[in-house]
**Student:** 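Submitted below is the structure of interest, expressed as structure tokens.
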Amino acid sequence: MSDTKYFREVMEIEEYEYTAGPIGTKFLEGLRNGKLVAGRCGKCGAIHIPPKGFCPVDFQQVTETVEIEPMGIVKTFAVIREDFNGNSLREPVVLAFIEFPGVSGGLLHYLKAERPSIGMKVKPKWRAERRGSINDIEYFEPL
């Protein structure tokens with residue numbers, strides 16, 4: 001018997017619309033243009049992806065962005081073999097948390113790799129048609 005609980009109700013969060021704000025908009029515009037854009041604090045120089053409206057180091061408003069290298073490193077990953085109902089997936093899905101050298105934070109995204117591993121260097125596989133969404137990255141793949 002499984003202790004897993006499933007909640008099939010629509011969550012209240014789906015009823016809200018969120019705006020990206022000025023710094024988040026720059027991040028989304030970067031994705032639309034096939035670039036990874038991070039926020040840079042003008043006071044301490046800390047760089048964060050995804051960018052934050054206020055620096056978590058010194059609480060200053062973040063107004064600057066920098067393009068970062070699209071090479072990331074897999075910090076951790078999970079292999080998903082079943083859907084929410086416990087049915088086997090045709091192919092396993094890998095989700096990975098990807099960090100970028102010199103940048104705080106990271107991105108959680110799909111990873112397409114035969115043998116995923118922690119420390120693996122990866123790059124984004126961009127969709128041909130992009131709209132300004134995290135889904136403009138189809139998945140990350142090994143370098």
**Student:** Rounded to the nearest 0.5 Å, what's the gap from CG on Leu36 to CE on Met71? Could you check?
**Tutor:** 11.5 Å
**Student:** Going by side-chain contact (heavy atoms from CB on, under 4.5 Å), name the residues that satisfy it together with Pro22, two or more places apart in sequence or in a different chain.
**Tutor:** none
**Student:** Determine which pairs satisfy side-chain hydrogen bond (donor to acceptor under 3.5 Å, both in side chains) with at least one residue from residues 102-128, sequence neighbours left out, and list them in order.
**Tutor:** none
**Student:** Would a 4.5 Å heavy-atom cut-off, applied to side chains only, mark Val37 and Ile68 as touching?
**Tutor:** no
**Student:** To the nearest 0.5 Å, what is the distance between CZ (Phe100) and NZ (Lys75)?
**Tutor:** 13.5 Å
**Student:** Name all pairs fulfilling the side-chain hydrogen bond (donor to acceptor under 3.5 Å, both in side chains) condition that reach into residues 129-143, sequence neighbours left out, sorted by first residue then second.
**Tutor:** Glu129-Arg131
**Student:** Which residues pass the side-chain hydrogen bond (donor to acceptor under 3.5 Å, both in side chains) test with Glu29, sequence neighbours left out?
**Tutor:** none
**Student:** Please write out which residues are connected to Val62 in a hydrophobic cluster, directly or through intermediates, given that two of Ile, Leu, Val, Met, Phe, Trp, Tyr count as joined at side-chain heavy-atom separations below 4.5 angstrom.
**Tutor:** Ile23
**Student:** As an exercise, state the distance from OG1 of Thr76 to CD1 of Ile98, rounded to the nearest 0.5 Å.
**Tutor:** 11.0 Å
**Student:** Does Val94 share a hydrophobic cluster with Ile137, counting links as ILVMFWY side-chain heavy atoms below 4.5 Å and allowing steps through other members?
**Tutor:** yes
**Student:** If you look at every heavy atom in Gly42 and Glu64, which pair is closest and at what distance?
**Tutor:** CA-OE2, 3.2 Å
**Student:** Residues in side-chain contact (heavy atoms from CB on, under 4.5 Å) with Glu67, at least two apart?
**Tutor:** Lys35
**Student:** Going by the rule side-chain contact (heavy atoms from CB on, under 4.5 Å), which residues pair with Ala78 if we only count those two or more places apart in sequence or in a different chain?
**Tutor:** none
**Student:** Report, one line per pair, each donor and acceptor closer than 3.5 Å where one atom sits in a side chain of residues 45-53; sequence neighbours left out.
**Tutor:**
none

**Student:** For Phe77 and Ile118, what are the C-alpha separation, side-chain angles and deciding distance, and is it a side chain to side chain contact (heavy atoms under 4.5 Å, CB included)?
**Tutor:** CA-CA 7 Å; Phe77 66 91; Ile118 293 172; 4.1 Å; yes
**Student:** How many angstroms lie between CG in Leu107 and CD1 in Ile134, if you round to the nearest 0.5 Å?
**Tutor:** 5.0 Å
**Student:** Among all residues two or more places apart in sequence or in another chain, which pass the side-chain contact (heavy atoms from CB on, under 4.5 Å) test with Asn87?
**Tutor:** Asp83, Asn85
**Student:** So, does Lys26 use its side chain to make a donor-acceptor pair with the main chain of Thr63 at under 3.5 Å?
**Tutor:** yes
**Student:** Give every residue pair that meets the salt bridge (Lys or Arg N to Asp or Glu O under 4.0 Å) criterion with at least one member in residues 87-102, sequence neighbours excluded.
**Tutor:** none
**Student:** Under the criterion side chain to side chain contact (heavy atoms under 4.5 Å, CB included), which of Val74, Leu111, Val122 is the partner of Pro116?
**Tutor:** Leu111
